[in-house]
Amino acid sequence: MCGRYALSIEQQEMLEIYVANLFLDDWRSRYNIAPTQEAPVLVQKDGELGIRPFRWGLVPFWAKDPSIGNRMINARSETVAEKPSFRTAWKHGRRCLVLADAFYEWQKPASGKGPKTPHAIRLADERPFGLAGLWESWDGEGGELRTFTILTSEPNELLRPIHNRMPVILGDRDAWEAWVDPDVPPGELEELLGPYRPEEMQAYPVSTYVNNPGNEGEECLRRVPD
DNA sequence: CCAGACGTTGTT
DNA sequence: GTCTGG
DNA sequence: CCAGACGTTGTT
DNA sequence: GTCTGG
């Protein structure tokens, strides 16, 4: 699955890849983005790309209480078209690209007991990438709450020893451009929803510093010995 | 009919 | 909003 | 995902 | 053990 990720690169480098209007108050390197936090996502509206803050944890439009979003941080790509919480966003093309340059997965010890080891997973060339996301807008007392979830798939060969799920990575321009285009019918996108090419990725262990969502330093992303 | 859930991962 | 369970 | 709370009454 | 919050 994907329960934590990073977006550490500079704004300028991001905008060179994702040419878009910025609707953020500020840009800062994020090393430990956790569920319920706001994070930048790429969305297309009226043919224009925009980077906007959305809250991680999709709140369905029919929810009475937005805390339901705390559980909706991932959607299985295999079932996203059917699940009540996600299918409306899927059907209506409310797709977004969750901007990232690393994500974290926790590996259980071989013995089955003891602390898990967090790993950082990135592209081999360390370029940023997008994760396949769906978004919703929820009408609350405080106005519109915009939220997102991250789609998952089975793991590739790199991730399999670490975890049994991984987020859907849209690393190719053709892929993410189609994903964020609301006019592309969802049926044409299912081929994108598989595990990414493992030979273009790297994974390495990091410190348990990343475990606490309050720890937001670059230490989160630093390699430690096995 | 109404009430209550609506999710994923991992563990057993 | 829609489905499942009672 | 992990960390941290998990309760009530009464008082400020 | 399980739920909530970040």
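So that the names make sense, note that chain A is the first sequence line, chain B the second, and so on, each numbered from 1.
dG6(E) sits 25 Å from dA5(B) when the C1' atoms are compared, rounded to a whole Å. Comparing dC6(D) with dC2(B), their C1' atoms are spaced 32 Å from each other, to the whole Å. Separating the P atom of dC1(B) from that of dT9(D) is a span of 40 Å, rounded to the nearest Å. Of the C1' atoms belonging to dG1(E) and dT12(B), the separation is 14 Å, rounded to the nearest Å.
As judged by a 4.0 angstrom heavy-atom cut-off over every strand, Tyr5(A) is placed among residues making no nucleic acid contact. Residue contacts for Arg55(A): at a heavy-atom cut-off of 4.0 Å it reaches no nucleic acid atom on any strand shown. Residue contacts shown for Ser77(A) are absent, as no nucleic acid heavy atom lies under 4.0 Å away. Nucleic acid contact for Arg165(A): sugar-phosphate only, since backbone atoms but no base atoms lie under 4.0 Å from a heavy atom of the residue. Nucleic acid contact for Thr152(A): sugar-phosphate only, since backbone atoms but no base atoms lie under 4.0 Å from a heavy atom of the residue.
Relative orientation of the Trp56(A) and Phe148(A) rings is parallel, given thresholds of 30° and 60° on the angle between their planes.
Annotated stems with DNA chain D as a participant read D:1-6 with E:1-6, given as range with range, by first number; only runs of 3 or more Watson-Crick or G-U pairs under 3.5 Å qualify.
With Gln107(A) contributing its side chain and Pro161(A) its backbone, the two residues share a donor-acceptor pair below 3.5 Å. The main-chain N or O of Phe54(A) is never found under 3.5 Å from a side-chain atom of Glu38(A) such that the two would form a donor-acceptor pair.
For dG7(B), the OP1/OP2 oxygens have no side-chain nitrogen or oxygen of Thr79(A) closer than 4.0 Å. In terms of phosphate contacts, Arg76(A) brings a side-chain nitrogen or oxygen within less than 4.0 Å of OP1 or OP2 of dT9(B).
In this structure, OG1 in Thr79(A) is found 8.0 Å from CZ in Phe86(A), a value given to the nearest 0.5 Å. For the atom pair CZ of Phe61(A) and CZ of Arg94(A), the computed distance is 7.5 Å after rounding to the nearest 0.5 Å.
Under 4.0 Å is where a charged nitrogen must lie from a carboxylate oxygen, and between Arg165(A) and Glu78(A) at least one such pair does.
Through side-chain heavy atoms spaced under 4.5 Å, either directly or across other Ile, Leu, Val, Met, Phe, Trp or Tyr residues, Tyr209(A) is tied to no other residue. Residue Val206(A) is found in a hydrophobic cluster whose other members, listed by chain and number, are Tyr31(A), Tyr104(A), Trp106(A), Tyr204(A), Val210(A), Leu221(A); membership requires side-chain heavy atoms under 4.5 Å apart, directly or through intermediates.
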**Request:** Start with the C-alpha gap between Leu134(A) and Leu151(A), add the side-chain angles, then the distance that decides, and say whether side chain to side chain contact (heavy atoms under 4.5 Å, CB included) holds.
**Result:** CA-CA 8 Å; Leu134(A) 288 179; Leu151(A) 274 63; 4.0 Å; yes
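Across all non-hydrogen atoms, the minimal contact from Pro213(A) to Asn32(A) is CA-ND2, 3.7 Å.
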Enumerate the protein-to-nucleotides 1-4 of chain D contacts in which both atoms are nitrogen or oxygen and the separation is below 3.5 Å.
unit_1, atom_1, unit_2, atom_2, d
dC1(D), O2, Arg4(A), NE, 2.9
dC1(D), O2, Arg4(A), NH2, 3.0
dC2(D), O4', Arg4(A), NH2, 2.8
dC2(D), O4', Asn211(A), O, 3.4
dC2(D), O3', Asn211(A), O, 3.2

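From the 5' end on, the contacts that DNA chain C makes with chain A at under 4.0 Å to a non-hydrogen atom open and close at dG1(C) to dT2(C).
Sorted by first and then second residue, the salt bridge (charged side-chain N to carboxylate O under 4.0 Å, His left out) pairs involving residues 48-70 of chain A (not counting sequence neighbours) form an empty list.
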